[in-house]
Amino acid sequence: GLFRSRNFVWDSDSKVAARFGVSWTQFLILRALRFSGSDFTMSPTELYAATQASSSGMAKMLKGLAEKELVDRIANTKDARSTLVRLTAAGADLVEKIVDELIETNTALFADVLPADDRAQLADLLERLSVELEKRKMDR
């Protein structure tokens, strides 16, 4: 049930991102950059880890985002052999719009299926599950 529910939400969320002209993976990249810290900059390796995209897929996604002027590729001052990815102002604005739409869409979706108490309990359980699984991942 968890995986079927996840797939349903994923499909819905992917459609929201597509309405804004980006794929779900591209949105995940933009979101990772938006919440990465004050400079909105990450290395491609950090983005691989944050989004679980393949390296070849990441290169394609970053190229597409750069063409849309949602990210910039900048020199890495700590390693001249590599570049960093920085979110542009347009990219940050897009993330905010998509997140707002996702919240609205998913709130309506879940409100149609579960009463408020059940939604709160589900949110708590999923948070506990995420925290514990993240701890296990870090222990490995």
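Values below: every heavy atom of this structure, side chains too, minus hydrogens, waters and symmetry copies.
Other residues, nucleotides and ligands contribute more than 12 heavy atoms inside 6.0 Å of the CZ atom of R6. Few gaps surround CD on E96; more than 12 heavy atoms of other groups in view lie less than 6.0 Å from it. When the shell of 6.0 Å around CZ of F8 is examined, it contains 12 or fewer heavy atoms from other residues, nucleotides or ligands. Around CG of N7, the count of heavy atoms belonging to other residues, nucleotides or ligands within 6.0 Å exceeds 12. The number of heavy atoms from other shown groups lying within 6.0 Å of CZ (R34) is above 12.
Between M58 and I29, the closest side-chain pair of non-hydrogen atoms falls below 4.5 Å. Using a 4.5 Å heavy-atom cutoff, the side chains of T41 and L33 are not in contact. Between R73 and P44, some side-chain heavy-atom pair lies under the 4.5 Å cut-off. Looking at heavy atoms from C-beta onward, V85 lies out of side-chain contact with D72 at the 4.5 angstrom threshold. Looking at heavy atoms from C-beta onward, W10 lies out of side-chain contact with D13 at the 4.5 angstrom threshold.
Atom OG1 of residue T105 and atom NZ of residue K15 lie 11.5 Å apart, to the nearest 0.5 angstrom. Between the NZ atom of K63 and the CG atom of L65 there is a distance of 12.5 Å, given to the nearest 0.5 Å. Interatomic distance, L30 CG to M61 CE, rounded to the nearest 0.5 Å: 11.0 Å. Taking OG1 of T88 as the reference point, atom CZ of F40 lies at 10.5 Å (rounded to 0.5 Å). In this structure, CD on E134 lies 11.5 Å from CG on L129, to the nearest 0.5 angstrom. Considering CG of L70 and CZ of R86, their distance stands at 14.0 Å, rounded to 0.5 Å.
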Could you go through the side-chain contact (heavy atoms from CB on, under 4.5 Å) check for L122 and D118 one step at a time?
CA-CA 6 Å; L122 178 61; D118 288 352; over 6 Å; no
Starting from the C-alpha separation in whole Å, work towards a yes-or-no answer on side-chain contact (heavy atoms from CB on, under 4.5 Å) for K135 and E132.
CA-CA 5 Å; K135 284 181 189 175; E132 289 304 316; 3.3 Å; yes
Would V22 and I98 count as a side-chain contact (heavy atoms from CB on, under 4.5 Å) if you check the C-alpha gap in whole Å, the side-chain angles of each, and the deciding distance to 0.1 Å?
CA-CA 10 Å; V22 295; I98 294 173; 3.8 Å; yes
Test F27 against L94 for side-chain contact (heavy atoms from CB on, under 4.5 Å), laying out the working first.
CA-CA 9 Å; F27 168 69; L94 184 63; over 6 Å; no
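Side-chain contact annotation: N76 with T83, donor-acceptor N/O pair under 3.5 Å absent.
Following chains of ILVMFWY side-chain contacts shorter than 4.5 Å, one can reach V113 starting from V9, so the two form part of one hydrophobic cluster. Follow the hydrophobic side-chain contacts under 4.5 Å out from V16 and you reach I103 in the same cluster. Hydrophobic cluster membership differs between L62 and I74, with clusters built from Ile, Leu, Val, Met, Phe, Trp and Tyr side chains linked at under 4.5 angstrom. Cluster membership check: F35 shares its hydrophobic cluster with Y48, using side-chain heavy-atom separations under 4.5 Å among Ile, Leu, Val, Met, Phe, Trp and Tyr. Connection of L114 to L2 is established within a shared hydrophobic cluster, with ILVMFWY side chains joined at heavy-atom distances below 4.5 Å, either directly or through further cluster members.
For M42 against A50, the heavy-atom pair with the smallest separation is CE-CB, 4.2 Å.
A donor-acceptor pair under 3.5 Å is formed between the side chain of N106 and the backbone N or O of L102. In this structure, the side chain of T51 does not engage the main chain of L28 through any donor-acceptor pair within 3.5 Å.
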